[in-house]
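Before any comments, here is the structure.
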Amino acid sequence: MEREEFLSVYRHSLAHIMAKAVIEIYGKENVQYAIGPQIADGCYYDFTLPRPVSEDDIKVIEDKMREIIKRRENWTRKEVSRSEALEIFKDQKFKTELINDLPEDELITVYYTGDDFVDLCRGPHIDNSQELFQAAFQIKNVSGAYWRGDEKRDQLQRIYLFAFPSKDELKAHLTWLKEAQERDHKKIGVALDMFMFRDTAPGMAYWLPRGWTMYSQLMKYSRELQAKHDYNEISAPLINNKKLWLISGHWAHYVNNMFIVPGKTQGTEATDAVSSDETAQFSIEAEDTMAAKPMNCPNAMIEYKRTMHSYKELPIRYSEYDVLHRKEKSGQMNGLFRVQEFRQDDDHTFVSEAQIKDEIKDVIAIADEIYKTFGLTYRAEFSTRPDDFMGDIESWNRAEAALKEILDEKYGEGNYEINEGDGAFYGPKIDLQIKDALGREWQCGTVQLDFQLPHNFELTYVDQDGSQKMPIVIHRAIFGSLERFIGIITEHFKGAYPFWLNPFQVAVVPIREEHNEYAKKVEMALKEAGIRVEVDYSDINMRDKIKRFKNMKDPYILVLGNEEAAAEEVSVNVRGSNQQVRNVPLTKFIEKCKQLNADRTLELPSEF
RNA sequence: GCCAAUGUGGCUCAGGGGUAGAGCAAUUCACUCGUAAUGAAUAGGUCGUGGGUUCGAUUCCCACCAUUGGCUCCA
C-alpha cells in the first residue's frame with residue numbers, strides 16, 4: 001500500500017475509533033455523530049455531546065481509544081439498502097440526513113467495528129483494530145464547528161486528532177509544531193520591538209519605531225517598482241460621507257464590515273468633553289453619517305471622474321497606500337494576519353477591454369518580482385463567474401479567457417486552482433495564497449476585474465470613433481495587506497529579515513569609551529551611505545552590547561577597538577553565526593552594504 | 001457571530017480564600033580592549049474591567065473586554 005493511501009486508511013479508521021470511544025464514554029443515546037474525515041496531520045470527528053469536552057475528558061478519550069484498539073476487533077464492511085441504512089441510523093439525525101442526500105444509485109456501505117459500533121462510510125478501512133497497534137495519535141484540540149460548514153445549522157464539537165504511523169513520526173510532527181510556534185510573528189514582533197496591540201484599538205497595530213522603519217521600506221520598495229511600471233500614486237479621505245458608500249454598493253453589501261460614524265439628528269453641540277449633551281441623538285440615517293473606508297476603490301472612481309478621459313490615456317493606474325478599516329466579527333482577529341486597520345499596496349487601473357490581457361500580464365510580472373525578492377512561494381487561485389454575476393456574459397467570457405490564458409502561460413495548465421463560480425459578482429479574480437509558519441494559508445495578492453463599479457459611478461472614456469465607452473477597472477494588490485505580509489515574512493525569516501529590510505542594518509559596538517570617537521565616524525559614514533545604523537556608546541562591557549544587538553537580530557555588528565580605529569577598518573560579526581570577519585576596510589564594508597541595498601539581496605554575505 | 005482556553009510588574013511565567021513571587025528587562029554602583037547572558041543593591045503590581053458570594057476575593061461565581069486555537073467569513 002502506498003504511504004499516502006496507508007495514511008488515509010488508518011487515519012480514517014482512527015476517526016471511527018474515536019467516535020466509538022466517545023460513544024462508549026458519553027452513552028450512545030447522548031451522542032449524535034456527524035462526520036470524521038482525515039486531514040493533513042491526522043483526522044477529526046464532529047459530534048453533538050451532552051456537555052463540552054474538557055481537558056480531563058481528552059485524556060479519558062485517548063485512553064478509551066487505546067483500550068478499544070487492544071480489543072482486536074474485526075472491521076466488517078456491509079452493503080445495505082437505503083431503507084436498511086435509515087433503520088440502522090434511525091436515531092442519528094446527521095447520518096440520516098447524509099443517507100437521504102446520497103444519489104439514488106449510490107451503493108451504501110456501513111462498517112462495523114466490533115458488534116456494537118457501526119458507521120456510515122465508503123471506506124476502505126483496516127480489517128482488524130490490531131493493525132493500529134503501531135499507530136501514534138494524540139488529541140490535538142477541541143473546537144466548535146458547524147454542521148456542513150453552515151453557521152445557521154447545528155454547532156458541533158469537533159475533536160482533532162494528530163495521527164501518524166509511528167511514535168517517531170508523531171514526535172517529529174510535534175517538534176515541527178513547536179518550532180513553528182517559535183516563528184509566530186506575534187512573539188517575534190514583540191521581542192524585536194516591531195509593533196504592539198492594545199485594547200484601546202482592537203485588531204489595530206501600534207507600529208513602534210523599528211517596525212515602522214521596516215513598514216516604510218516595504219512601501220519604498222513598492223513605490224520604486226511601481227514607478228517603473230508607470231503607476232501614479234494618489235491619496236484620498238479616510239472617512240467618507242455615506243452617499244459615497246450608497247453609490248459604490250458598500251452600504252448594501254458591506255456595511256457590517258464598516259466602522260460607521262453616525263450623523264446627528266438633533267441636539268446642540270456638546271460644551272465639554274465630559275458632560276456631553278444628553279439630548280443629542282445620533283443615527284446612521286442622518287445625512288451627515290460617515291464611514292471609515294474599508295476599500296480604496298470608490299475614491300479612486302471619484303478621482304477618475306474629475307475629468308473626461310480619452311482612450312489615449314488608458315491604462316490609467318491609480319495606486320495608493322491609504323489606511324483602511326474593516327470591522328471584524330469577534331473571534332476573527334489574529335495578530336497581524338487579520339486586523340481591523342491596514343494598508344494595502346493597492347491599485348485601481350482603468351483599461352479598455354482590449355488592454356486587459358497585457359495589463360494583467362504586467363501585474364503578474366510585478367507580483368513575480370516581489371515574491372522572488374522575499375523568496376516566497378505562493379499558490380494561485382482563479383475564481384470564475386458566479387450565478388449572480390453582473391454585466392454581460394460576453395464580456396465575462398472574454399475576460400475569463402484572457403485571465404486563463406495568462407495563468408496557463410505563467411503557471412502551466414493545472415498548476416493553479418480553479419474555483420468555478422467563486423468570483424465576485426462584479427468580476428473574475430486571481431488570488432495568491434501564502435502559507436504561515438503553521439501552514440495556514442492567507443490571501444495576499446489579488447487581481448480582480450470589475451465591471452460593476454465603472455457602472456455604478458458611470459465612468460466613461462471617449463474612444464477613437466468619438467463614442468462614449470465604459471472602462472473596466474482592475475483592482476490589484478501584490479503584498480495585499482502590508483500588515484498581513486509583514487506577519488508572513490516575519491514567520492518566513494523567523495525575524496532575521498534580509499539586510500535591505502531589517503529595521504537597523506548595522507550595529508556598532510565601540511569596545512571602550514575611548515573608541516566612541518571612531519565609532520561616531522563610522523556611524524556618520526554609514527548614514528551618509530543611506531545605511532540604517534545604531535550605535536551603543538554607553539559605558540558597559542562590549543559583550544553586553546553585542547548581546548543586545550544579537551537579540552535584535554541586526555544583520556551586521558561592527559566591533560571597534562584600537563586596531564580598527566588605527567587602520568580605518570571594521571570587525572564584522574555576521575548574523576546567524578559567531579564568526580568574525582576582521583580587518584575589513586570601512587570603505588569596502590560600506591560599498592558592500594550599498595550593494596546589498598541596491599540589489600535587495602536575500603542572502604547575508606560574510607565576505608567583503 | 002459560534003465552541004473552547006487564557007488574562008498576575010515592560011517581557012516570560014509560578015502561585016493561590018487571609019491585601020503577591022521568580023527570571024529577563026529597568027535604575028544605581030562596581031567590573032569592562034576583543035565578539036551572546038559579570039556581581040551587588042534599588043525600584044516597579046489596586047493579579048484585564050465591573051458586579052456578586054464571604055468577616056475577608058487576585059484566588060470562588062456571573063457579566064463584559066481583550067487575546068489565542070478552531071468554525072464561519074475575508075486582505
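Any value given below was found using the heavy atoms of this structure, including those in side chains, with hydrogens, waters and symmetry copies removed. Naming: A, B, ... by sequence-line order, numbering from 1 per chain.
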- Message: Please classify the nucleic acid contact of A:Tyr160 as base, sugar-phosphate, or nothing, using heavy-atom distances under 4.0 Å.
- Response: sugar-phosphate

| task | May I ask you to check whether A:Tyr556 and A:Phe499 place their ring centres under 6.0 Å from each other? | result | yes

* **Sugar-phosphate, base or nothing in reach of A:Gly335, heavy atoms under 4.0 Å** => sugar-phosphate

By nearest-nucleotide position on RNA chain B, the 5'-leaning member of A:Ser330 and A:Lys547 is A:Ser330

Per atom distances to the A:Lys329 side chain, the nearest of B:rA36, B:rG34, B:rU72 is B:rU72

Whole-Å distance, A:Arg153 CZ to B:rC71 C1', equals 15 Å

Whichever of A:Gln443 and A:Glu563 has the more 5' nearest nucleotide on RNA chain B, that residue is A:Glu563

A:Gln344 atom CD is separated from B:rC74 atom C1', nearest whole Å, by 11 Å

- Item | Distance between P atoms of B:rU19 and B:rA14 (Å, rounded) | 22 Å

Is there a donor in the side chain of A:Thr490 and an acceptor in the side chain of A:Tyr497, or the other way round, less than 3.5 Å apart?
-> yes

Which part of the nucleic acid does A:Gly480 contact within heavy-atom distance under 4.0 Å: base, sugar-phosphate only, or nothing?
-> nothing

| task | Determine whether the side chains of A:Lys329 and A:Asn256 contain a donor N or O and an acceptor N or O closer than 3.5 Å. | result | no

query = Side chains of A:Ser481 and A:Gln344: do they bring a donor and an acceptor to under 3.5 Å?
reply = no

Picking from B:rC33, B:rA75, B:rA36, the nucleotide nearest the side-chain atoms of A:His515 would be B:rC33

Here the residues of residues 363-377 of chain A within 4.0 Å heavy-atom distance, strictly under, of RNA chain B are none

Here the distance between atom P of B:rC33 and atom CZ of A:Arg543, to the nearest Å, is 12 Å

>> Counting the atoms with a prime plus P, OP1 and OP2 as sugar-phosphate, which does A:Val53 contact under 4.0 Å by heavy atoms, base, sugar-phosphate, or nothing?
In response: nothing

Output yes when at least one side-chain N/O atom of A:Asn578 is less than 4.0 Å from OP1 or OP2 of B:rA36, else no.
yes

For A:Phe374 and A:Phe485, I'd like to know if the aromatic rings sit close, meaning centre-to-centre distance below 6.0 Å. yes

In whole angstroms, the gap separating C1' of B:rG69 from CZ of A:Phe162 amounts to 11 Å

At 4.0 Å (heavy atoms only), tell me whether A:Gly149 reaches a base, stays on the sugar-phosphate, or touches nothing.
sugar-phosphate

(message) Can you say whether a donor on the side chain of A:Asp539 sits under 3.5 Å from an acceptor on the base of B:rU32, or the other way round?
(response) yes

Among B:rC71, B:rC73, B:rC11, the one nearest any side-chain atom of A:Ala145 is B:rC71

From the candidates B:rU68, B:rA36, B:rU72, the one with an atom nearest any side-chain atom of A:Asn551 is B:rA36

Using a distance-only criterion (donor-acceptor N/O pair, under 3.5 Å, no hydrogens), is the base of B:rA75 paired with the side chain of A:Gln433? no

request  = Using only heavy-atom distances, decide whether a donor-acceptor pair under 3.5 angstrom links the side-chain of A:Asn562 to the base of B:rC33.
outcome  = yes

Residues in residues 193-204 of chain A with a heavy atom under 4.0 Å of RNA chain B, by number, are A:Asp199, A:Pro202, A:Gly203

Between A:Thr48 and A:Tyr33, does any side-chain donor sit less than 3.5 Å from a side-chain acceptor? no

Side-chain atoms of A:Arg512 come closest, of B:rU32, B:rC71, B:rU35, to B:rU32

Checking all strands, does A:Glu514 fall into the base, sugar-phosphate, or nothing category for heavy-atom contacts under 4.0 angstrom?
base

Closest to the side chain of A:Asn334, out of B:rA75, B:rG69, B:rC73, is B:rG69

task = Report, as yes or no, whether the 6.0 Å neighbourhood of atom NZ on A:Lys550 holds more than 12 heavy atoms from other residues, nucleotides or ligands.
result = yes

* Asked: Counting any heavy atom closer than 4.0 Å, what does A:Arg440 reach on the DNA or RNA strands: base, sugar-phosphate only, or nothing?
  -> sugar-phosphate

Quiz item: Okay, side chain of A:Glu417, backbone of A:Glu381: is any donor-acceptor separation there less than 3.5 Å?
Solution: no

Paired runs of 3 or more consecutive Watson-Crick or G-U pairs involving RNA chain B, with both pairing distances under 3.5 Å, are B:1-7 with B:65-71, B:10-13 with B:21-24, B:26-30 with B:38-42, B:48-52 with B:60-64

With centres under 5.5 Å and planes under 30°, do A:Phe342 and B:rA75 count as stacked? yes

*Quick one: label A:Arg326 by what it contacts on the DNA or RNA (base, sugar-phosphate, nothing), any heavy atom closer than 4.0 Å.*
base

Original post:
Hey, is CD on A:Glu607 packed in by over 12 heavy atoms from elsewhere, all under 6.0 Å?
Top reply: no

Item to complete: Determine the contact category for A:Glu564: base if any of its heavy atoms lies under 4.0 Å from a base atom, sugar-phosphate if only primed atoms, P, OP1 or OP2 are that close, otherwise nothing.
Response: base

If I pick the C1' atom on B:rU58 and the same atom on B:rU8, what distance separates them, to the nearest angstrom?
8 Å

Quick note, A:Gln332 side chain, CB onward, closest among B:rU35, B:rU72, B:rA75 is B:rU72

Using a distance-only criterion (donor-acceptor N/O pair, under 3.5 Å, no hydrogens), is the base of B:rC71 paired with the side chain of A:Arg148? no

Exercise. With a 4.0 Å cut-off on heavy atoms, is A:Lys186 in touch with a base, just the backbone sugar-phosphate, or nothing at all?
Worked result: sugar-phosphate

Checking B:rU38, B:rC71, B:rU35 against the side chain of A:Asp544 (C-beta onward), the nearest is B:rU38

Side chain of A:Asn573, base of B:rU35: donor and acceptor closer than 3.5 Å? yes

Under 4.0 Å, heavy atoms only, any strand: does A:Ile557 hit a base, just the sugar-phosphate, or nothing? nothing

